[in-house]
Number of protein chains: 2
Amino acid sequence: MPKQPVSSTMADIARACGVSIQTVSAVVNDRAGISDETRRRVRAVMQELDYQPNQHARTLRGYRNPMIGVIIPSITNPFFPELVRGVEDVARRSGHGLFLCNDDYEEQKALDYLGFIRANHASGLIAAPGIMESSPEIERQILALARRNVPIVLFGEHRQGMPVTSIMVDARAAVLATAQHLLDLGHRRIGIIAPPEGMIVSRERISDFQTAFATLGRPLDPALIVPGGFDMECGSRGAEQLMAMDDAPTAIIAANDLAAMGAIAWLQGNGRRVPDDVSVVGYDDIPFARVFQPSITTVSQPLYDMGAAAMTALIEQLAAGPSEPASDRNVWLAATLMARQSTGPCRQQPAETGQRPGKKRKTARIEEMPETPREETRDLEDNPP
Amino acid sequence: MPKQPVSSTMADIARACGVSIQTVSAVVNDRAGISDETRRRVRAVMQELDYQPNQHARTLRGYRNPMIGVIIPSITNPFFPELVRGVEDVARRSGHGLFLCNDDYEEQKALDYLGFIRANHASGLIAAPGIMESSPEIERQILALARRNVPIVLFGEHRQGMPVTSIMVDARAAVLATAQHLLDLGHRRIGIIAPPEGMIVSRERISDFQTAFATLGRPLDPALIVPGGFDMECGSRGAEQLMAMDDAPTAIIAANDLAAMGAIAWLQGNGRRVPDDVSVVGYDDIPFARVFQPSITTVSQPLYDMGAAAMTALIEQLAAGPSEPASDRNVWLAATLMARQSTGPCRQQPAETGQRPGKKRKTARIEEMPETPREETRDLEDNPP
DNA sequence: TTGTACGCGTTATCAC
DNA sequence: GTGATAACGCGTACAA
């Protein structure tokens, strides 16, 4: 294997300058004890020979490898690009690179990548929601990394006592606002297309809505919660199931935006207008929720900020060193309601007796909430050739 | 800096087994000359101590670093996730990891990342369209890498004699099919919202359409080509400009799908129905082109396959070694027309005399084209919490 | 079959 | 201020 030198080395510089290797090292690392003249000359030769420090030698010598492993299910899932961008922008500012890993929720891929991350002595690991729940072996590997003082940041899991940092989103206020929004529009029969079973975030997502509607004095009808999932197909099936009911809901809350889009597609394909006949609410606020027609009313998660917060927390942990307890450094962000076109006034007569749509009534705790749905301004930009 | 061992080393294994280090090395690398008994024992201890070879030591020793740099403008641009996934799936199968770099078309970021890639001795580089045109310094750096026998794969640039491989998409047949499609629908006045100026791919995209319509005996009216770009905003402005014309076009070809969405949004917001009043054609076939309403008729680029082809070509080059000429290994893929709902029959009376919409006429070379727009089946899946 | 010696490029700790 | 020496973990000649 005839290896070609991919870069000149310190030895090359030293030889060309007529100085010793560690003089060059001192210049590269801006250490004191070098005459200005020498420093200048070394710098010039470095420039000329296009010198680039060998990261492997550095890492081997004991320095951190400025590389962060990022494990997500798949970058083609519209939820993740924004998240990854948040991570990357912060990472770049601190001189870190990203090692991107798509595991497709497959244990073997995740384990392969965890091995890769370890083999490359990445300085840290950021992983998507649900990874700890996906397999005991994965959890074991991640905890082993943590025990070796590799900072770990996860999304949405806040089990106590774990040596990992979690980025949490408090959606309760936004969910309450969403419930209020639907009630204000006159909806009384409200269906839910549930997230997939078995994940912590799924359970939280449903219970947040149940709590919110209960708080507002209009508890959800459990019969209107149908099993679903996070893709469009699940949304379609869920809508079909809900609309087949004797007393079909006038509003549907979907597991996420994709499911909402699937639901809307099914409704439109089956003679229902959105929002005229049925209102639909999504979750996440992926970029296309705003572009979809009708644009989707949704519980907006600050995806970019979540990514940025994750990397920021990671850097802090890196700086703090292994002494710190590492747990309970969790970061909380807030979700917000984005009211758009997929929700509108309920035009059906309420089946139940009671207040009529539009009639003013007491608003429980409404003043506590981020009331004004701020429309996001960040744009989809620059699609290349 | 008290460095904690992130993994056990060969020395640890050797000590625990009571053998020498390179016996362990021989076992790890499956070399001959080790007794089955020893091999078994070493393997067991490796398992137990959770040994992971140190990639930095290996690379330093002279092995390749199984890591590929991928530079794209931004992963939040819906064009790129599919592309990156194609790269990654092939990379994983050959044991390579991806080093993801978003440069936002900014020279400094690209240069920083190129330095990072070089410092980490990545085995190869895959970069997005247009990178070589973006700055002379970037081009210099990339060519320097190539000269050091780091395989480079780019998209859409096939300058002769460059030591880089290009992944090319031949869109001519698909563009001809698109032209035929619009003419068949009866459109005669056809506007174009142009891609941004200055990129090779942009010029090609326009000239392909000009050639196609000329081939079919209906050359495009240059007055109907307005400046545009790759985002929705450009699409909106372009549509506005076109519809303000005295004799506005009945069909619009946008620079890409995002521009098409922008155009459609403007049209709908200004009293035109799509496709009833105006037909719109996109380019790229990003995942949401299929979901958008109306779904977008578009020249579909095989994004995933392009990524996969890029990584495949890279691996071949890696295997071939530096001896090969490296140029003219370009890979050609074909675009296809995806006819969807954003195009429909022209309902306006043709301003010019001539054939009437729907009337059968000679179809030039139509049989050469991929006639049946195969609808893609791959789905957007699994949006997580 | 197994052990010894050396070098990859870098940095840190020493003397000079 | 500058130059030699050791060490990081691994792989490969070579010798035993």
Side-chain angles (χ1 to χ4, degrees), chain A residues 1-43 45-46 49-66 118-121 123 148, chain B residues 1-43 45-46 49-66 115 118-123 148:
Chain A
M1 185 161 297
K3 211 200 111 189
Q4 308 251 10
V6 19
S7 181
S8 47
T9 71
M10 282 192 175
D12 297 330
I13 312 290
R15 204 176 315 119
C17 282
V19 299
S20 74
I21 291 184
Q22 47 38 354
T23 300
V24 179
S25 174
V27 173
V28 169
N29 295 3
D30 276 328
R31 258 177 290 153
I34 308 290
S35 71
D36 283 358
E37 165 58 14
T38 307
R39 198 178 289 275
R40 201 192 49 70
R41 231 176 58 232
V42 171
R43 286 247 168 75
V45 175
M46 277 170 47
L49 267 57
D50 209 9
Y51 170 75
Q52 186 75 235
N54 183 327
Q55 187 56 48
H56 299 289
R58 288 187 146 163
T59 305
L60 188 56
R61 184 65 184 74
Y63 272 30
R64 281 189 196 291
N65 185 13
R118 210 144 73 77
N120 282 281
H121 289 212
S123 295
R148 292 188 174 101
Chain B
M1 183 161 300
K3 207 198 115 194
Q4 307 251 10
V6 20
S7 181
S8 46
T9 71
M10 284 193 175
D12 298 329
I13 312 289
R15 203 176 315 117
C17 280
V19 298
S20 74
I21 291 185
Q22 44 56 3
T23 299
V24 178
S25 174
V27 172
V28 169
N29 295 8
D30 274 328
R31 258 178 290 153
I34 308 289
S35 72
D36 283 358
E37 165 58 17
T38 307
R39 197 178 290 274
R40 202 192 49 70
R41 230 175 60 231
V42 171
R43 286 247 169 76
V45 175
M46 277 170 50
L49 267 57
D50 211 10
Y51 171 74
Q52 188 73 237
N54 184 325
Q55 187 57 48
H56 300 287
R58 291 190 139 155
T59 305
L60 189 56
R61 182 65 185 73
Y63 274 27
R64 281 190 194 293
N65 184 14
R118 209 144 75 76
N120 282 280
H121 289 212
S123 295
R148 292 186 175 102

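Per chain, numbering begins at 1; letters A, B, ... match sequence-line order. Computed from a predicted structure; not experimentally measured. Computed over heavy atoms, backbone and side chain alike; hydrogens, waters and symmetry mates excluded.
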Residues passing the side chain to side chain contact (heavy atoms under 4.5 Å, CB included) test with R31(B), sequence neighbours excluded, are S25(B), A26(B), N29(B)
Partners of Q55(A) by side chain to side chain contact (heavy atoms under 4.5 Å, CB included), sequence neighbours excluded? R58(A), T59(A), N65(A), P66(A), A119(B), N120(B)
Separation of [N] [atom2] from [X] [atom1] (nearest whole Å):
X: R15(A); N: dG9(C); atom1: CZ; atom2: P; answer: 10 Å
X: R41(A); N: dG1(D); atom1: CZ; atom2: C1'; answer: 13 Å
X: R39(B); N: dT2(C); atom1: CZ; atom2: P; answer: 10 Å
X: N120(A); N: dC10(D); atom1: CG; atom2: P; answer: 13 Å
X: M46(B); N: dC10(D); atom1: CE; atom2: P; answer: 11 Å
X: I13(B); N: dG9(D); atom1: CD1; atom2: P; answer: 13 Å
X: L60(B); N: dA7(D); atom1: CG; atom2: C1'; answer: 12 Å

Partner of V24(B) under side chain to side chain contact (heavy atoms under 4.5 Å, CB included), chosen from I13(B), D12(B), V45(B): I13(B)
Would you give a per-nucleotide map of nucleotides 10-16 of chain C, 5' to 3', where B means the base has a protein non-hydrogen atom under 4.0 Å away, S means only the sugar-phosphate does, and - means neither? BBB----
H121(A) vs H56(B) aromatic rings, parallel, tilted or perpendicular, using cut-offs 30° and 60°? perpendicular
Going by atom types alone, do S20(A) and Q22(A) pair a side-chain donor with an acceptor below 3.5 Å? yes
